[in-house]
Amino acid sequence: MSTTSLLIALYFCRFAAVCLLRFMNLGHLKRYGTTVPEGFEDAIDADALAKSSSYTFAQSRLALIESIFDSAFLLLFMFTPLLPLYDAWIGSLTGSFFLRGVLFMLVLTIVQEFLEIPFSLYRTFQLERSFGFNTTTAGIWLSDFFKSTLISAVITSIVISAALLLVEHSPDMWWLWVWAFFALFSITMIYISPYLIEPLFSKFEPLKDEELAEEIRRMLERTGLRVKDVQQMDASRRSLHSNAYFTGIGRVKRIVLYDTLLKQMDRPEVLAILAHEAGHWKKGHIWKRLVLMEAGALALFFLVHQMLGWGGLPALFRLNEASFMAQILMVSFLFSLVSFPLTPFGAWLSRRNEWEADRFATALSGTPGALASALVKLSKENLSNLHPHPFYAWFYYSHPPAAARVAALRAAERETASE
């Protein structure tokens, strides 16, 4: 078997594993999906559970179709004359190493955005609407699409331009300087995105419930976190899904609450959710994740540098030669094969952090029952799968299954009541 055939076979094995995991999950839901989990009895009945199961099946069917399309396109592009033809076409436009690299990635980025249009339209206006979530109009969708495409193009151009300039000026050590630039750029985006990018899509305003905002500040000050802004976002203009999040690095935080969340939750539940988010910051989950990601990125950039220096990448894809950016694309393909088996490690680490944040929220708010009821409401309102296959959850889930979290919180509530 040639190396190219081996790569294609490995990709098919990866795709088959993804499908098998998905079918395992759906099969488990089909067997147990009519049973209301303990702790959910007062909020979810048989009809709600059936609707939740139908939503999970609909999402999975669409995800399967989309993954088949993406995989077919990727394999055709990487293992047919499409890649060398595209590479040669970009090279015919300019002889500049810098401009050739920018155009190579920019055109691919824009093409990818347009290829995703049918799936985005179906997901928004068919799937999400049929389950009562979508509130997006055609005008909002078009506006969001063109703004996100433009932003993606601008960011891609900036990042690739800076990276290629560093490659040109430091051929031997570019991996270190590009890594440093990417790390700095990522941190910068965390700071500026809430002020420059997010307002392009949503309206943010101070939380109208001033008493709740003050309660949030007092609760978080007990943890040493200073809240700069407590804002609400008009998420209901696009969807009825609910959420809340923190932004900012360091002790000063900006809190954003979806208006849908504020309608669904009572005050203790909102405070419990934010206590959980505060737990992530107080326990250092955010910066630890950043450090881990950047350490992995540094190793990856060094590995990419070594692979490009090896010179045998084009031959793996049955090519005699390939541009710098085409070889970067080849490395990305190889990395997708290697990284897939590592997925459970990242999921496990994230779940461990979620358990820790739940415990912190329980200690901070003193009301584990409030967080439990908030999770029940979130599961009901978002039609979450309450019966994921254990192996599927272990492999993919960044959060522990809702039923397990609620059970642990109810146990903590009973312990608190008995003290």
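Excluded from the calculations below are hydrogen atoms, water molecules and symmetry mates; all remaining heavy atoms, backbone and side chain alike, are included.
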Begin with the C-alpha distance, continue with both residues' side-chain angles, and end with the deciding distance and a verdict on side chain to side chain contact (heavy atoms under 4.5 Å, CB included) for W355 and R405. CA-CA 8 Å; W355 283 122; R405 293 178 69 186; 4.2 Å; yes

Which is it for H28 and Y32 under the ring pair (Phe, Tyr, Trp, His ring centres under 6.0 Å) test, yes or no, and what are the steps along the way? CA-CA 6 Å; H28 191 267; Y32 301 101; 4.6 Å; yes

State which residues pass salt bridge (Lys or Arg N to Asp or Glu O under 4.0 Å) with D266; sequence neighbours excluded, sorted by chain then number. none

For the CD atom on E210, are there more than 12 heavy atoms of other groups (residues, nucleotides or ligands in this structure) within a distance under 6.0 Å? no

Taking everything shown except E321 itself, do over 12 heavy atoms lie less than 6.0 Å from its CD? no

Please table the atom pairs, donor to acceptor, closer than 3.5 Å between any side-chain atom in residues 86-112 and protein atoms at least two apart or in another chain.
residue: Y86; atom: OH; partner: F104; partner atom: O; Å: 2.6
residue: D87; atom: OD1; partner: R100; partner atom: NH2; Å: 3.3
residue: D87; atom: OD1; partner: S323; partner atom: OG; Å: 2.7
residue: D87; atom: OD2; partner: S323; partner atom: N; Å: 2.9
residue: D87; atom: OD2; partner: S323; partner atom: OG; Å: 3.3
residue: S92; atom: OG; partner: W89; partner atom: O; Å: 2.5
residue: T94; atom: OG1; partner: S96; partner atom: N; Å: 3.1
residue: S96; atom: OG; partner: F98; partner atom: N; Å: 3.3
residue: S96; atom: OG; partner: L99; partner atom: N; Å: 3.2
residue: R100; atom: NH2; partner: D87; partner atom: O; Å: 3.2
residue: T109; atom: OG1; partner: M105; partner atom: O; Å: 2.8

Could you report the tightest heavy-atom contact between [X] and [Y], atom names first, then the distance?
| X | Y | value |
| --- | --- | --- |
| S398 | S350 | O-OG, 2.7 Å |
| L262 | L207 | CD1-CD1, 3.5 Å |
| R318 | S2 | NH2-OG, 3.5 Å |
| F131 | A58 | CE1-CB, 3.9 Å |
| E38 | V406 | O-CG1, 4.5 Å |
| S379 | A402 | OG-CB, 3.4 Å |

Just say parallel, tilted or perpendicular for the rings of H389 and F391, cut-offs at 30° and 60°. perpendicular

Pair R237 + D259: basic N to acidic O under 4.0 Å: no

Please determine whether a side-chain nitrogen of the Lys or Arg among R123 and E128 lies less than 4.0 Å from a carboxylate oxygen of the Asp or Glu. no

Side-chain atoms of residues 288-295: list all donor-acceptor pairs with protein atoms under 3.5 Å, sequence neighbours left out, distances to 0.1 Å.
residue: K288; atom: NZ; partner: K283; partner atom: O; Å: 3.4
residue: E294; atom: OE1; partner: W179; partner atom: NE1; Å: 3.4

Is the centre of the F145 ring less than 6.0 Å from the centre of the W141 ring? yes

Intermediate values then yes/no, ring pair (Phe, Tyr, Trp, His ring centres under 6.0 Å), F333 and F77: CA-CA 11 Å; F333 179 87; F77 187 75; over 10 Å; no

